[in-house]
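Here the structure comes first, spelled out in structure tokens, and everything after it is commentary.
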Amino acid sequence: MFLNSKAPYESYKKITQNPYFVDKSLLLTELMPMFGSINCYCCVTRPRRFGKTVMANMIGAFFGKTDKKDGIFDHLAVAGWKGYESHLNSHNVIYIDFSRAPKGCRSYTQYIERIENGIIRDLMEAYDGCGVAMDDSVWDALQKIYEETEHKFLFVMDEWDAVFHMPFISASDQKEYLLFLKWLLKDQAYIEFAYMTGILPVVKYSGGSELNMFVEYDMAAAKKFSGCFGFSDAETDRLYEIFRKQTENPAFSREELRIWYDGYYTAAGSRLYNPRSVVLALTDNQLRSYWTSSGPYDELFYYIRNNVEDVRDDLVRMISKERVFADLGQFAAVSMEINTREQIYSAMVVYGLLTCKDKEVLIPNKELMDQFNVLLLTEDSLGYVYQLAKKSEQMLQATISGDTAVMEEILQFAHNTESPVLSYNSEAELSAVVNLCYLSARSRYRVEREDKAGKGFADFIFYPERKNEDCIILELKAGGTPEEALAQIKAKDYVLRFRGKLGENPKYTGRILAVGISYSKKTKKHCCSIEVIPSELPGTPPV
């Protein structure tokens with residue numbers, strides 16, 4: 001079950017047979033220089049759904065001694081490596097998936113004994129005659145084997161942090177678990193290489209010296225392995241081309257795939273797609289949220305509940321696609337206690353709910369943006385944010401019906417709240433509030449801010465999900481008039497975003513609404529104006 005198990009090989013083989021498989025096998029060549037060195041302890045942490053288990057299975061499948069000879073690596077990039085033949089299936093691999101537990105497990109003792117006893121049984125069978133007994137500790141058994149045979153072992157440990165999420169594990173159990181890892185791995189002569197992966201950073205969760213032998217590589221701070229987890233633009237391009245060729249009626253474009261799942265930043269500065277969501281969207285031919293909820297750690301409110309006041313103004317900015325400054329340096333190893341603003345954002349970055357670039361945090365893509373929208377529309381402890389979000393459906397209906405009086409009333413309500421983000425010292429702040437007032441529109445529209453259109457950039461463009469819905473172009477003027485905003489929309493031909501090319505059927509058949517919104521710092525009043533812009537090019541007969 002643990003020593004040279006066939007399971008990692010079979011699991012990775014299934015992945016390679018998927019039409020949307022991406023070859024990341026060169027990771028193996030980056031790990032090899034660590035074998036047998038003083039730096040033979042490697043921990044790679046990534047958010048959920050970023051391929052950690054796939055890579056762990058690949059490592060176990062490649063190096064582990066197994067009778068499987070399907071040649072699954074022969075056509076991968078690693079096959080061109082000079083050490084390919086000598087290292088393929090030639091190491092003793094002990095593979096541990098720490099997320100697994102025995103049937104009916106209710107205690108840490110039951111949990112850890114499954115692992116200890118399982119490894120001991122495997123060693124007794126493989127090394128009969130080395131004096132290994134069931135009552136040995138795993139580390140003593142391995143030491144006996146090493147003294148007798150000089151065989152070393154390669155450890156692959158997936159989801160090392162699973163115990164921190166298990167309901168039957170206490171704080172004292174967690175300490176025992178860390179000591180188990182220390183005694184098993186640290187300074188042991190039988191260790192050839194130890195590869196560990198999970199979500200939580202080792203440094204913080206091992207507060208003492210238990211696991212300080214590991215070099216940790218996370219997504220936010222470490223550049224090494226940046227390209228090994230997640231999909232790049234080029235890789236996603238290739239997958240989309242496969243999808244387009246084998247799908248009779250593709251339901252979405254390559255650009256829509258980017259909007260939904262791109263946006264995570266690595267320490268090297270490159271952008272990554274969420275790999276699991278991309279593969280599922282291509283497989284299902286459907287763009288939707290594939291964010292699966294498996295407990296309290298998946299819920300946005302879990303992270304902000306202890307300090308709503310410090311983060312709610314930031315949430316307003318972030319749903320407007322702004323970045324928020326947060327120096328996460330000293331909090332990069334997320335704390336067990338999540339209370340301060342920096343601890344909250346650090347935890348959300350670790351779990352993939354936010355991403356970080358240049359000491360700023362942001363919502364990476366539409367998949368996550370939708371989750372934040374739900375939070376703002378349902379959590380009344382957010383105060384004014386929740387109140388404005390609830391009014392957003394009324395704001396959209398007023399816009400579509402041309403009721404500027406109601407629009408101005410809602411904007412005035414927003415201005416009368418207590419938040420400093422609504423001070424309107426700049427057009428950016430007005431933009432953040434307008435975005436919040438139209439929050440519920442995201443269920444019917446793809447809302448883009450500062451979108452390239454015609455001869456400039458429109459403040460907001462609302463792209464309807466349904467072809468016959470009204471299209472909306474919205475321009476803001478802090479200190480100006482709504483008429484000036486409308487004139488800019490027309491002068492810069494923002495409407496070209498919705499007009500089809502000459503001779504083509506239009507993509508949208510609803511009206512095109514030009515919306516101008518202004519705020520006067522002098523009178524403290526909002527003014528709104530709406531015009532319907534012709535959708536056809538001048539001189540073009542309607543389709």
Side-chain angles (χ1 to χ4, degrees), residues 4-37 39-46 49-95 97 154-159 192-198 215 217 219 222-242 264 266 268 270 272-276 278-279 282-283:
N4 296 323
S5 168
K6 298 176 182 178
Y9 191 96
E10 287 299 322
S11 296
Y12 189 66
K13 179 181 175 181
K14 290 178 183 178
I15 294 293
T16 63
Q17 293 171 340
N18 188 299
Y20 302 117
F21 168 72
V22 174
D23 182 359
K24 302 280 189 178
S25 63
L26 289 180
L27 168 67
L28 299 166
T29 67
E30 293 191 56
L31 298 178
M32 269 303 303
M34 302 179 186
F35 283 29
S37 73
N39 295 320
C40 64
Y41 300 92
C42 173
C43 179
V44 177
T45 55
R46 287 296 185 274
R49 313 181 308 160
F50 262 79
K52 299 182 298 298
T53 296
V54 173
M55 293 296 99
N57 282 330
M58 179 183 72
I59 295 166
F62 182 84
F63 290 111
K65 293 179 179 178
T66 175
D67 57 3
K68 293 289 184 179
K69 302 297 180 183
D70 299 335
I72 61 174
F73 290 96
D74 290 347
H75 304 291
L76 302 186
V78 68
W81 172 48
K82 63 181 180 180
Y84 176 68
E85 292 288 346
S86 60
H87 287 284
L88 179 64
N89 302 138
S90 61
H91 297 257
N92 283 309
V93 171
I94 295 177
Y95 188 104
D97 181 351
L154 191 158
F155 282 80
V156 179
M157 295 162 287
D158 191 23
E159 299 201 47
E192 180 179 26
F193 179 65
Y195 178 90
M196 192 160 71
T197 188
V215 179
Y217 302 92
M219 190 161 74
K223 294 182 179 180
K224 192 176 179 67
F225 306 128
S226 287
C228 299
F229 298 83
F231 292 164
S232 68
D233 251 327
E235 289 167 340
T236 309
D237 283 343
R238 185 178 63 80
L239 296 184
Y240 186 80
E241 188 60 23
I242 294 171
Y264 289 93
T266 69
S270 56
L272 290 177
Y273 290 72
N274 180 314
R276 180 176 182 271
V278 168
V279 170
L282 296 174
T283 302

Can you tell me if [X] uses its side chain to pair, donor with acceptor, with the backbone of [Y] under 3.5 Å?
{"X": "N4", "Y": "V93", "result": "yes"}
{"X": "R238", "Y": "Y20", "result": "no"}
{"X": "K24", "Y": "G227", "result": "yes"}
{"X": "T283", "Y": "V279", "result": "yes"}

Answer whether the closest heavy-atom distance between the side chains of [X] and [Y] falls below 4.5 Å.
{"X": "F225", "Y": "L31", "result": "yes"}
{"X": "Y12", "Y": "V54", "result": "yes"}
{"X": "F62", "Y": "S25", "result": "no"}
{"X": "L272", "Y": "M219", "result": "yes"}
{"X": "L76", "Y": "F21", "result": "yes"}
{"X": "R46", "Y": "T197", "result": "no"}
{"X": "D233", "Y": "Y273", "result": "yes"}

Side chain to side chain donor-acceptor pair (under 3.5 Å) partners of [X], counting only residues at least two apart:
{"X": "S90", "value": "none"}
{"X": "N39", "value": "none"}
{"X": "Y95", "value": "N57"}
{"X": "Y9", "value": "none"}

ask   = Sequence neighbours excluded, which residues qualify as salt bridge (Lys or Arg N to Asp or Glu O under 4.0 Å) partners of K6?
value =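 Residues passing salt bridge (Lys or Arg N to Asp or Glu O under 4.0 Å) with K6: D67.
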ask   = What pairs with D70 under salt bridge (Lys or Arg N to Asp or Glu O under 4.0 Å), at least two apart in sequence or on another chain?
value =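 Testing D70 for salt bridge (Lys or Arg N to Asp or Glu O under 4.0 Å), a comparison that skips the adjacent residues, returns K13.
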For the atom pair [atom1] ([X]) and [atom2] ([Y]), what is the distance rounded to the nearest 0.5 Å?
{"X": "M32", "Y": "F193", "atom1": "CE", "atom2": "CZ", "answer": "9.5 Å"}
{"X": "K65", "Y": "L154", "atom1": "NZ", "atom2": "CG", "answer": "11.5 Å"}
{"X": "E192", "Y": "N92", "atom1": "CD", "atom2": "CG", "answer": "8.5 Å"}
{"X": "Y240", "Y": "L282", "atom1": "OH", "atom2": "CG", "answer": "8.5 Å"}
{"X": "Y195", "Y": "D158", "atom1": "OH", "atom2": "CG", "answer": "8.5 Å"}
{"X": "T16", "Y": "H75", "atom1": "OG1", "atom2": "NE2", "answer": "10.0 Å"}

Please give me the minimum heavy-atom distance between [X] and [Y], naming the atom from each residue.
{"X": "S226", "Y": "A222", "result": "OG-O, 3.7 Å"}
{"X": "S232", "Y": "E235", "result": "N-OE1, 2.9 Å"}
{"X": "K52", "Y": "G198", "result": "CD-O, 3.2 Å"}

query = Should the ring pair W81 and H87 be called parallel, tilted or perpendicular, given that the plane angle runs from 0 to 90° and is split at 30 and 60?
reply =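 If you compare the ring of W81 with that of H87, the planes turn out parallel.
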ask   = Once the angle between the rings of F35 and F63 is folded into 0 to 90°, is it parallel (under 30°), tilted (30 to 60°) or perpendicular (over 60°)?
value =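 Correct class here is tilted.
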ask   = M196 and F155: side chain to side chain contact (heavy atoms under 4.5 Å, CB included), yes or no, with the steps?
value = CA-CA 8 Å; M196 192 160 71; F155 282 80; over 6 Å; no
inquiry  = Determine whether Y84 and D74 satisfy the following criterion, side chain to side chain contact (heavy atoms under 4.5 Å, CB included), listing intermediate values before the conclusion.
reply    = CA-CA 9 Å; Y84 176 68; D74 290 347; 2.5 Å; yes
ask   = Would one find more than 12 heavy atoms of other residues, nucleotides or ligands at under 6.0 Å from atom NZ of K14?
value =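 It does not: K14 NZ has 12 such atoms or fewer within range.
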ask   = Would one find more than 12 heavy atoms of other residues, nucleotides or ligands at under 6.0 Å from atom NZ of K223?
value =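 No, NZ of K223 has 12 or fewer neighbouring heavy atoms, counting only those of other groups under 6.0 Å.
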inquiry  = Under 6.0 Å between ring centres: does that hold for F229 and Y264?
reply    =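 Not close enough - the centres of the two rings lie 6.0 Å or further apart.
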